[in-house]
2 protein chains.
Amino acid sequence: MIGELADIYRAYLDCLNRQAWDELGRFVDNDVQHNGRLLRLSGYREMLVKDFEEIPNLQFNIQLLVCEPPRLAARLSFDCTPRGEFLGLSVNGRRVSFSENVFYEFVGSKISSVWSVIDKLAIEAQLP
Amino acid sequence: MIGELADIYRAYLDCLNRQAWDELGRFVDNDVQHNGRLLRLSGYREMLVKDFEEIPNLQFNIQLLVCEPPRLAARLSFDCTPRGEFLGLSVNGRRVSFSENVFYEFVGSKISSVWSVIDKLAIEAQLP
């Protein structure tokens, strides 16, 4: 059961990395919430599409994975070049490395809630 | 085993909330690392003592707990009044609410590594 949810999660990240938005509904619930806001699948997809517009070379990599069904927590690592402003910082095409610590709650095989924190301090430390 | 580690973790947070620094070594390994830096128990204790100096009413509350031994992930919620500057922000005694998403790796019953991200964006949103 732990392995099953972890496998689903890895397939979800692969879907994001391929920007295979038509497959997103296989992994994300119609009524998904993100940091307490009801985004629904359509809003969640818009958020991700916007992320890739702002960061064309965005790729999700797992650094740590902790799974206790129906919840899963991941520390994701990013190494990318946001085009312009990112999290209110003028990154402007600089290469930055940072982490995101994120929790997911699943209903069945689909993500129903996400609680995410991105390490803004780490990015600030890489800017002049 | 999951319940055991979760119980140890709750006792660790209780130790922090009581500022019972003489008990910290029951929960934290001598060679503890924090966000990739080797702090050791003495440096980890100094970091926590400084946190409570800067935020006298600091209390650690569990919002989410995900446990897969030997790792545990927690979303902690804080509602407190940092005295002056906090994470580079001039909070100056204002009351702020924010989360920390944090991963722990245990060796036996002790924390050996910590990977923490604090939601700085949430705090910024609460300042004028």
First locate atom CZ of F106(B), then atom CD1 of I8(B), and finally report the distance between them rounded to the nearest 0.5 Å.
-> 6.5 Å
Interatomic spacing from CG in L76(B) to CG in L64(B) - rounded to 0.5 Å | 9.5 Å
Search all heavy atoms of V91(A) against all heavy atoms of V96(A) and return the closest pair with its distance.
-> CG1-CG1, 4.2 Å
So how far is it from L58(A) CG to L48(A) CG, rounded to the nearest 0.5 Å?
-> 8.5 Å
For P69(B) and L5(B) the tightest heavy-atom approach is CA-CD2, 4.0 Å
Hey, what donor-acceptor pairs show up under 3.5 Å between chain B and chain A?
residue : atom : partner : partner atom : Å
C67(B)  : N    : E68(A)  : OE1          : 2.7
E68(B)  : OE1  : C67(A)  : N            : 2.7
N101(B) : O    : N101(A) : ND2          : 2.8
N101(B) : ND2  : N101(A) : O            : 2.8
N101(B) : ND2  : W115(A) : O            : 3.2
W115(B) : O    : N101(A) : ND2          : 3.2
K120(B) : NZ   : E124(A) : OE1          : 2.8
K120(B) : NZ   : E124(A) : OE2          : 3.0
E124(B) : OE1  : K120(A) : NZ           : 2.7
E124(B) : OE2  : K120(A) : NZ           : 3.0

What part of A122(B) gets closer than 4.5 Å to chain A, counting heavy atoms only: side chain, backbone, both or neither?
-> neither
Just grab all the ring pair (Phe, Tyr, Trp, His ring centres under 6.0 Å) pairs involving residues 57-96 of chain B, residues at least two apart or on different chains.
-> F60(B)-F78(B), F78(B)-F98(B), F86(B)-F98(B)
